[in-house]
Amino acid sequence: MTGPDEPAALHATDLGFRYRARGDRALRDCGFTVPRGRITALVGRNGAGKSTLLHLAGGLLRPTHGEIRVLDTTPGTAAARTRVALLTQDRPLYPRFTVADTLRMGGKLNSVWDHPAAERVVREGGIAPTARVGELSPGQRTRVALALALGKRPELLLLDEPLADLDPVVRGEIMATLMTEAAEREVSIVLSSHVLPDLEQTCDWVLLLRAGRVELSEDADALRESHTLVSGHVDQTSALREHTVVHRRTQGRQLTALVRPRGPLRGDWHAERPGLEEILLGHLRSGADSSPGVGSAPGADSTKEAAA
C-alpha cells in the first residue's frame, strides 16, 4: 500500500459513475491510490469498469459521485490535459493523413511537443513517414497513436487495451517502449489489458476491478509475497478455512488453491510462490460461474473464503 505522503498518479475517493442512457452503474464506491512512477496493470473482466475509469481519469467523463484526481489535479482541466495522455481503444486517427502529417498535427494541438521522440517511436516500428494511416496494420496504427501520446511528454500515460489486436512480437516491442519511457523519463503508466502474461515482467502495481468495485490496489511484489499456491489431498480442505482462499479447484481427489495465508498452513501441502499471472487469474475467477467454458476448469469450485 502507499504511504500517506507518497505522491499519487491517481487517487479516487468514493468514486462512482452511472451511464444515464443505460441506467447501470459502471463504478461504485471506488477508493484507491496509485503511486507515481509505476507501471500499473488495470485488470478486470469485461464490464468491470476499466474503460470507464480511464475515461474518468482522462477527463472524457465526469464522476456521478465522489472524486478522482490525476497528479493532484482535476481531470479535464487545462493543468491536467498538458500532463496526462489517454490512448483509447478506438485509436482516433485520420486515415487519409500520412504518418508525417499526423505527427505534425500532434505538434499543433499540444503546447508541449517532442517531435524527435514521436518520430523515434514510429521509426522503431519500421513505419514510413509517407505511409497513410488508413493503410497501416493494426499494430502500426497502435504505434502511431502511441507516438502521439508520448510526443506530449506526459507525466501520466493512460492506455486502454492497446495490445488487444497485436501479435506477440509487436506486443513485446510496444511493452519495451513503455518500459523505456517509465525508466528514462519517469512516466507513470496505467495499462488496461487482458493479456496477462505481458504484465508479469512489466507492471509493478496492480489495480483490479470487479463489477465496478476495487478489489485490489497493491504493489505487485507484495501481492506475490502475500499469496501461496497450494496443492494436496481434498480431505484437507477444512484446514484452509482459517485462511483467505481466493480460488480453488478440485480434480478427482486433488485440491489446488490460491491462498492468502493468515498464519502457518496446517497439513500436508505442496506450497509454492505464484506468479503475478496466476494471482490475477485467481482473483478474476473468484466468485465466477464454475461450469465449464466460463473461466474455470471442469469440476472447479470457485470460492472466496475468510475465517469464520
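In what follows, every heavy atom counts, from backbone to side chain, and hydrogens, waters and symmetry copies are set aside. Numbers here are sequence positions counted from 1. Model, not experiment: these values are computed from the prediction.
In this structure, H11 contributes its side chain and T33 its backbone to no donor-acceptor pair below 3.5 Å. At distances below 3.5 Å, at least one donor-acceptor pair connects side-chain atoms of R171 with backbone N or O atoms of L166. Remark: the backbone N or O of R81 is paired with a side-chain donor or acceptor of K152 at under 3.5 angstrom. One N or O on the side chain of R273 and one on the backbone of E225 form a donor-acceptor pair closer than 3.5 Å. A donor-acceptor pair under 3.5 Å links the side-chain atoms of E200 to the main chain of L276, judged by distance alone. One N or O on the side chain of T64 and one on the backbone of R18 form a donor-acceptor pair closer than 3.5 Å. Here the side chain of R36 pairs a donor or acceptor atom with the backbone of A8 at under 3.5 angstrom. Looking at R224, its side chain never comes within 3.5 Å of a backbone N or O of G275 through a donor-acceptor pair.
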With side-chain contact (heavy atoms from CB on, under 4.5 Å) as the test, would you mind laying out the steps for H194 and E161 before giving the verdict?
CA-CA 7 Å; H194 289 294; E161 292 289 347; 2.9 Å; yes

Which is it for L196 and L284 under the side-chain contact (heavy atoms from CB on, under 4.5 Å) test, yes or no, and what are the steps along the way?
CA-CA 11 Å; L196 300 185; L284 291 173; 4.2 Å; yes

Check against side-chain contact (heavy atoms from CB on, under 4.5 Å), L255 and Q236
CA-CA 8 Å; L255 169 69; Q236 300 183 96; 5.9 Å; no

Quick one, L178 with L146, criterion side-chain contact (heavy atoms from CB on, under 4.5 Å). Give me CA distance, side-chain angles, the key distance, then yes/no.
CA-CA 9 Å; L178 295 177; L146 184 61; 4.0 Å; yes

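Closest of all the heavy-atom pairs between A85 and A149 is CB-O, 3.7 Å. Minimum heavy-atom separation, A271 to T228: CB-CG2, 3.8 Å. Scanning both residues, L157 and L150, for their nearest heavy atoms gives CD2-CD2, 3.7 Å.
Shown here is E67, whose CD atom has more than 12 heavy atoms of other residues, nucleotides or ligands within 6.0 Å. With a 6.0 Å radius and a threshold of 12 heavy atoms from other residues, nucleotides or ligands, R96 has its CZ atom at or below the threshold. Counting non-hydrogen atoms of neighbouring residues, nucleotides and ligands closer than 6.0 angstrom, the CZ atom of R185 exceeds 12 such neighbours.
Contact of the F32 side chain with the L209 side chain is not registered, since no non-hydrogen atoms from C-beta on lie closer than 4.5 Å. Side-chain atoms of T250 and T237, non-hydrogen and from C-beta on, never get closer than 4.5 Å to each other. A 4.5 Å side-chain heavy-atom check between W205 and I39 finds every atom pair outside the cut-off. Taking 4.5 Å as the limit, every side-chain heavy atom of L258 sits out of range of all side-chain heavy atoms of R285.
E181 and R120 are joined by a salt bridge, as a carboxylate oxygen and a charged side-chain nitrogen come within less than 4.0 angstrom of each other. Salt-bridge formation is not detected for the pair R132/D101: no Lys NZ or Arg NE/NH1/NH2 atom is positioned less than 4.0 Å from an Asp or Glu carboxylate oxygen. Ionic pairing of R213 and D29 is present here: one or more N-O contacts between side-chain nitrogen and carboxylate oxygen are shorter than 4.0 angstrom.
Remark: E218 CD to L207 CG distance equals 10.5 Å, nearest 0.5 Å. In this structure, the separation between CD on Q140 and CD on E135 is 10.5 Å, given to the nearest 0.5 Å. Note: L223 CG to D204 CG = 11.5 Å, rounded to the nearest 0.5 Å.
With no hydrogens or angles considered, a side-chain donor-acceptor pair links R69 and T74 at under 3.5 Å.
A single hydrophobic cluster is not seen to contain both L103 and F97; linkage of ILVMFWY side chains at heavy-atom distances under 4.5 Å, directly or through other members, places them apart.
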